[in-house]
Every structure is written in C-alpha cells, then in structure tokens.
Amino acid sequence: MPHASVKIRLAGRWLLSRAYNFSPGPAVLPESVLRQAQQEMLEWGRTRSSVMEVSHRGKEFMALAEQSERDLRDLMSIPANYKVLFLQGGATTHFALLPMNFARGRGADYVLTGSWGEKAAKEAKPSCTVRIAASSEVDRYFCIPDRAAWDLDPDAAYVHVTPNETIGGVEFHATPDVGGVPLVADMSSNILSRPIDVSQYGVIYAGAQKNIGASGLVLLIIRDDLLERCPKDLPQILSYAAHAREGSLLNTPNTFGWYLAALVFQWLKKEGGLEVIGARNAAKAALLYDYIDHSGFYSNPIERTARSRMNIPFVLPDETLDGPFLEEAAVAGLLALKGHRSVGGMRASIYNAMPLQGVQSLVEFMQDFARRHG
Ligand SMILES: Cc1ncc(COP(=O)(O)O)c(C=O)c1O
C-alpha cells in the first residue's frame, strides 16, 4: 500500500506533509480509514448527522455495532461461546476489573515479561491474591521465562500474560499451554497482528489505540463460562456479566471509537485478513531486525526468539547521538522514534497500519545516519 504523503519544500528542505509515524500509541491508523472518517464526518450514512451525534440505540448505530462484531468474529475466527465487548477506560481499567470479576477472594497467577505485566499485577492486588508464577525481571525483561520453569497454581482463578510488551519489545510467538486454568491475555499491542487460536484463551483484552483505532475504547473477548463467575454484588458498571447482557450498551459507549474500530476491521478484511497482515508484519519486522543486527552500529538486546514484531527497540553506540538521530529522523519524515524513558534509546512501533515503505524509509535513514556517524 503506497503512503499517500505529499512532499513539500520548506526552508530549503524537503519535508513530508504526513510523516511515517512510529508512535507506540496512540499510533498510526490506515490512511484510507482516516480519509473515510474525514469524508463522513459531517454526514454519516443516511443519518444526516455525524456518527458522534446520533443515539447509540438508534438503528444506524446498532447496525454498525452488529456489523463490527461480525467482522471481528470473522477476522479472528472467534468461537460462538465467546462474548465480544466494546468497553471503555483503557486497558488499565481492566487490569483492575479482571480480578474483581473473575478472581475475587481467590489467587491469580501473573507471568511478568515487562512493565505492562507488572502494572497489571499491581492493579490486581486489591481484589485477589496475586502470585508471580514466572518473571524475566532478573534478565532485565530481555526474554520470556522458560515455560517449564513457570510455577503455576492449578487452583488459580486465571493465568495472566502480556503477549506483547510494548515498552521492552518482547513478544510471545506461541500461546503458552497453562492446562485447564483460563489464560487471560493483555493483547493491547499485538491484537489482530496475526492469526491466533482464540479458543486457547479465557479472556483476550486490548486497548484500541494501536491496532484497533482510537484510545479510550477497549475490546474484550470473554469465554461465556467465565461470565458466570462475576460477583452479583458488583456495581453493574464494573460487571462484565452486566455489560455482556446489555450488548456493551449498558451506558453510552465510545461511539466514535467504536465507529473507527469498525472501519479498521473492514480495512483488515479488504487487505486480506490476518494471514496476509501477519505475513506483512513478519516481513516488516525482519527487514528492520536484519538491518540492526548487521549494521555494526545499532543493537537490539532482546533474545531472538522473543523479539516483538510490533515494537522494536534499538540503541545507538553512543547516547549523545540520540538527540541528532531523533532530530534528523523527524526532518526526514520519520516520527516518534524515541524509546520509552525507562529503557532509553529508540523504539520503532510498526503496527498493522505502518506500510512496508515506512520501514524501508526508516532503514535507509538509519543506514545514512550510521554512515555519517559511525
Ligand atoms: C500492553 C499494554 N497494556 C496496557 C496498556 C495501557 O493502556 P491504556 O493507556 O489504554 O490504559 C498499554 C499502553 O500502551 C500497553 O501497551
């Protein structure tokens, strides 16, 4: 997919008007989705209003809600015994709600492979007994703890994992087998990036601002039997069972976020679905990792089998080059490459909507920068 940026000349330099955006989130969206949203901003379908101005219980919005769920079910092959919820509050709210709903008064196992998993475990503590079943913290979260060494409790309410750690750039490339205990996965930064077998999970949840759409919206895919665990005395607004009963319309949803997600699902289907997207993501990541590994200038510390296809951190040989690298990258139309403050260096987030050409441009820039500063 060609990037439709237009080159403009400013102060004697060529700049891209719409840059390649490597932000970890909120992140790049498919350009065609943004254009459609722009085109429909004032009048959506037959409503003669913006999608933001119509009732979430009106027939047009209900049709969008139903279609978006059908598209998502299609894309991810979600089995019939799972509910799909479109809720709010960012993934962080659900760090707290998951144990309230599924583990009250019980123990839950957490596997830590980075800082988002740590946060999820911390937010769970007021509601359940958190056990750290495995952690790669001693290895600076540069790898995934060997599955054979996980100390899982067969009576745990669930096992929580973060399949892609957005900050460290560590990703599970296979779903861990945790026996009969439900597997709960924070897929905020790798949902829809490749095909997965949903039936291996009890709950999949994801904030929308990377591969789904706009921040605020959170998607949850929950196996039906788990909903029976939700305590009856929970306030309705905190109860997944209540949200499922009401089809995510217990209160006013994030209608614009839901609409954008619906457009992104349609875009994914048009692009060929998750097999095609997964292959494209693998190719983009391979291009960047291969260059980093052979550059003799940049490096990535993550164990090869655990490297993320979505978030690729890398460091330069000398920290004093970080500033010039970021400045020159921005002038070349390559934005938001600064690594998270906790790890430093750089990070290129290359979600579904980042075209291959964006990664090629980044590699060309990195080559040129290394030549001049190496
Ligand atoms: C893996 C992961 N989990 C959770 C979050 C938190 O999401 P939110 O800010 O939407 O609460 C993020 C945010 O980047 C993330 O990358």
Side-chain angles (χ1 to χ4, degrees), residues 21-29 85-101 108 110-125 130 135-137 141-142 144 158-173 175-176 183-194 196 201 203-221 238 240 248 253-254 256-258 260-261 264 281 285 302 306-313 336-343 346-354:
N21 180 354
F22 295 91
S23 166
V28 58
L29 283 168
L85 303 182
F86 292 81
L87 303 186
Q88 305 182 56
T92 306
T93 300
H94 299 272
F95 289 166
L97 292 187
L98 286 159
M100 272 186 215
N101 277 271
Y110 279 71
V111 175
L112 306 188
T113 49
S115 49
W116 288 111
E118 276 181 8
K119 284 189 182 148
K122 195 165 164 219
E123 290 297 302
K125 276 189 183 148
V130 170
S135 169
S136 52
E137 191 184 5
Y141 291 131
F142 287 170
I144 291 173
Y158 58 75
V159 181
H160 184 282
V161 293
T162 311
N164 187 67
E165 279 285 354
T166 321
I167 294 173
V170 170
E171 184 172 11
F172 284 75
H173 292 288
T175 305
L183 183 61
V184 173
D186 171 8
M187 288 197 192
S188 292
S189 51
N190 68 347
I191 194 164
L192 292 165
S193 66
R194 62 166 83 181
I196 56 157
Y201 297 84
V203 180
I204 291 170
Y205 68 108
Q209 64 269 28
K210 298 148 199 309
N211 269 339
I212 299 172
S215 60
L217 185 78
V218 184
L219 194 72
L220 291 105
I221 301 166
L238 305 183
Y240 291 136
S248 307
N254 172 355
F256 190 69
W258 199 333
L260 275 181
V264 169
N281 285 333
I302 309 303
R307 284 173 159 184
S308 170
R309 289 178 176 186
M310 297 281 101
N311 311 96
I312 304 187
L337 286 161
K338 192 171 175 11
H340 191 269
R341 57 191 178 281
S342 61
V343 292
M346 306 296 149
R347 170 178 44 168
S349 295
I350 52 172
Y351 299 116
N352 289 347
M354 173 59 65

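Note that ligands are numbered from 1 as they come in the structure, with each ligand's atoms numbered from 1 the same way. None of the values given here were measured: they were computed from a predicted structure.
The shortest non-hydrogen separation linking N211 to V264 is O-CG1, 3.7 Å. The heavy-atom pair separating Y110 from G117 by the smallest distance is CD2-O, 4.4 Å.
With contacts defined as side-chain heavy-atom distances shorter than 4.5 Å, the pair M310/S193 qualifies.
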Report each N/O pair between ligand 1 and the protein that falls under 3.5 Å, naming both atoms.
residue	atom	partner	partner atom	Å
ligand 1	3 (N)	D186	OD2	2.6
ligand 1	10 (O)	A91	N	3.3
ligand 1	10 (O)	Q209	NE2	2.9
ligand 1	11 (O)	A91	N	3.2
ligand 1	11 (O)	T92	N	2.9
ligand 1	11 (O)	T92	OG1	2.5
ligand 1	14 (O)	K210	NZ	2.7
ligand 1	16 (O)	W116	NE1	3.4
ligand 1	16 (O)	T166	OG1	2.5

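When only modelled atom types and interatomic distance are considered, Y351 and N281 share no side-chain donor-acceptor pair under 3.5 Å.
Shown here are the side chain to side chain contact (heavy atoms under 4.5 Å, CB included) partners of H340, two or more places apart in sequence or in another chain: I167, S342, V343, R347.
Applying side-chain contact (heavy atoms from CB on, under 4.5 Å) to Y205 and the options L98, L97, I221, L219 leaves one that passes, L98.
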